[in-house]
Amino acid sequence: MKKRQKENILLVLVNLFFIVICFCVLVPVLYALSVSLNAENSLLSSNFSFLPEKLTFANYWAVFVDEPILLWLKNSLILAVITLAISLGTGIPAAYEFSRRRFPGRKAILKVLILLYAFPSLLSMTALYKLLTPLGLINTKSGLIIVYTGTMAVFALWNMKGYFDTIPTEIEEAAMIDGASPVQIVLRIVLPLAKPTIAVTAMMVLVYVWNEYIFAVNFMTGSDTYTLAAGLYSLQATEMSGSWPVFAAASIVVSIPILIVFFALQKNMTTGLTSGGVKG
């Protein structure tokens, strides 16, 4: 009984600790929400409160009416969807091949890919700019897609390969004995089992493209080509010229699509390999 009581007390303390951590993480979000509903153009005040004294939704109205946020949303969606499709379309087959096949140069290729992925993208910006300029890909969505895909396809490969390595090959061998073709084994057995990591990989790719700022600002010029991250910066270029409540409102609006995708994928993201095997 004493051991169980100690375990219960420890569990309560751990839960309280994580509740406090979650609250600390949510403080900036709640503060941004408070500022976005504030009628005054102020970021900091002596009498701080999460509930603004003068409540208004005019800042959200200004985001959609006075700023081209829908155009920025369209640009970000195009970049995110195409980058996701190419990254997963190339990363998943490559990850499966590297996981299941043993061919000459396999380890060397993997080491080179992880080295390239670990290389800071900021340091490669000048080289990428010089490579894309002669091709006419600067200030185009195609140029950004190439940059984003080159980064996230490698991430998808490594992330998926680690998961494919945990899938027992005996499952595939049993299916092969039953007469299943290699394509059927991948589509009907391997990919359903890999749904959790596919969801996680897709979410990470979307978050990266959605929040990417450095390349979007330097490779795209003009408000009509801005992504959401670049557009948000343009709303608050300087503290004196911008409107903090409008900026906060735009930040909240921009976060909503990613939250929707996260909750839509949450079930698959929390599904384990064992439950996938049972369903199969």
Side-chain angles (χ1 to χ4, degrees), residues 18 21-22 25-26 29 73-101 110 113-114 116-118 121 144-172 175 180 182-213 215-216 227-229 251-280:
F18 282 110
I21 293 296
C22 291
V25 172
L26 287 175
V29 179
L73 176 63
K74 176 184 175 183
N75 294 336
S76 291
L77 281 175
I78 293 174
L79 292 172
V81 171
I82 296 178
T83 301
L84 177 63
I86 298 177
S87 297
L88 293 185
T90 57
I92 292 176
Y96 183 77
E97 287 298 314
F98 276 104
S99 175
R100 292 295 188 261
R101 305 287 185 266
L110 289 174
L113 289 177
I114 194 63
L116 292 175
Y117 183 74
S121 58
L144 276 184
I145 290 173
I146 292 174
V147 175
Y148 293 162
T149 303
T151 301
M152 299 315 295
V154 177
F155 167 77
L157 187 156
W158 268 99
N159 198 46
M160 295 293 300
K161 177 189 174 299
Y163 196 89
F164 286 145
D165 289 341
T166 64
I167 299 179
T169 56
E170 289 78 8
I171 298 178
E172 300 176 39
V183 176
Q184 290 175 328
I185 292 175
V186 173
L187 295 180
R188 297 186 180 182
I189 297 177
V190 177
L191 290 185
L193 290 175
K195 283 174 63 178
T197 191
I198 292 176
V200 172
T201 304
M203 190 67 200
M204 295 298 292
V205 173
L206 286 175
V207 170
Y208 170 80
V209 177
W210 206 258
N211 295 331
E212 203 287 318
Y213 164 74
F215 288 105
T227 61
L228 285 170
S251 301
I252 297 296
V253 171
V254 166
S255 304
I256 292 176
I258 288 295
L259 289 175
I260 294 175
V261 174
F262 173 79
F263 286 116
L265 296 178
Q266 188 178 20
K267 181 179 179 180
N268 288 328
M269 293 176 68
T270 55
T271 300
L273 175 64
T274 305
S275 60
V278 173
K279 292 180 180 178

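This is a predicted model, so every value here is computed, not measured.
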Q) Atom NZ of Lys161 and atom CG of Leu113: how far apart are they, to the nearest 0.5 Å? A) 11.5 Å

Q.
With a 3.5 Å distance limit and no angle check, can you tell me whether Trp210 reaches the backbone of Val254 through a side-chain donor-acceptor pair?
A. yes

Q) Taking all atoms of both residues into account, what is the closest heavy-atom pair of Leu157 and Ala95, and its distance? A) O-CB, 3.4 Å

**Q.** Heavy-atom donor-acceptor pair, Thr227 side chain to Ala216 backbone, under 3.5 Å
**A.** no

Q: Go through the structure and list residues passing side-chain hydrogen bond (donor to acceptor under 3.5 Å, both in side chains) with Thr201, not counting sequence neighbours.
A: Asn159

Q. Out of curiosity, Leu144 CG to Ile82 CD1, how far, rounded to the nearest 0.5 Å?
A. 11.0 Å

Q) Which pair of non-hydrogen atoms, one from Leu88 and one from Pro93, has the smallest distance, and what is that distance? A) O-CD, 3.8 Å

Q: Taking the side chain as every heavy atom from C-beta outward, state whether Ile171 and Val190 have any pair of such atoms under 4.5 Å apart.
A: no

**Q.** Euclidean distance, Tyr96 OH relative to Ile185 CD1, rounded to 0.5 Å
**A.** 6.5 Å

Q | Check against side chain to side chain donor-acceptor pair (under 3.5 Å), Asp165 and Ser99 | A | CA-CA 6 Å; Asp165 289 341; Ser99 175; 2.6 Å; yes

Q: Check whether any side-chain heavy atom of Trp158 lies under 4.5 Å from a side-chain heavy atom of Leu110, and answer yes or no.
A: yes

Q: Write down the atom of Ser87, the atom of Ala156, and the distance for their closest heavy-atom approach.
A: O-CB, 3.9 Å

Q: Drop me the distance from Thr149's OG1 to Leu84's CG, to the nearest 0.5 angstrom.
A: 9.5 Å

**Q.** Test item: Met203 and Ile258 side chains (from C-beta on) under 4.5 Å apart, heavy atoms
**A.** yes

Q: List the atom of Met204, the atom of Met152, and the distance in Å for their closest heavy-atom pair.
A: O-CE, 4.0 Å

Q | Between NZ on residue Lys74 and CG on residue Leu79, distance to nearest 0.5 Å | A | 12.0 Å

Q. Minimum heavy-atom separation for Arg100 to Ile167, with atom names?
A. NH2-O, 3.0 Å

**Q.** Least distance between heavy atoms, Ile252 atom then Val29 atom
**A.** CD1-O, 4.3 Å

Q) Got Pro196 and Tyr163 here, is their nearest side-chain heavy-atom distance under 4.5 Å? A) yes

(Q) Let me confirm one number: the CZ-CD1 distance from Phe164 to Ile92, rounded to the nearest 0.5 Å. (A) 6.0 Å

Q.
Is it the case that the side chain of Gln184 and the backbone of Arg188 share a donor-acceptor pair, with hydrogens and angles ignored and the cut-off at 3.5 Å?
A. no

Q: Identify, with sequence neighbours excluded, every residue that meets side-chain hydrogen bond (donor to acceptor under 3.5 Å, both in side chains) alongside Tyr208.
A: none

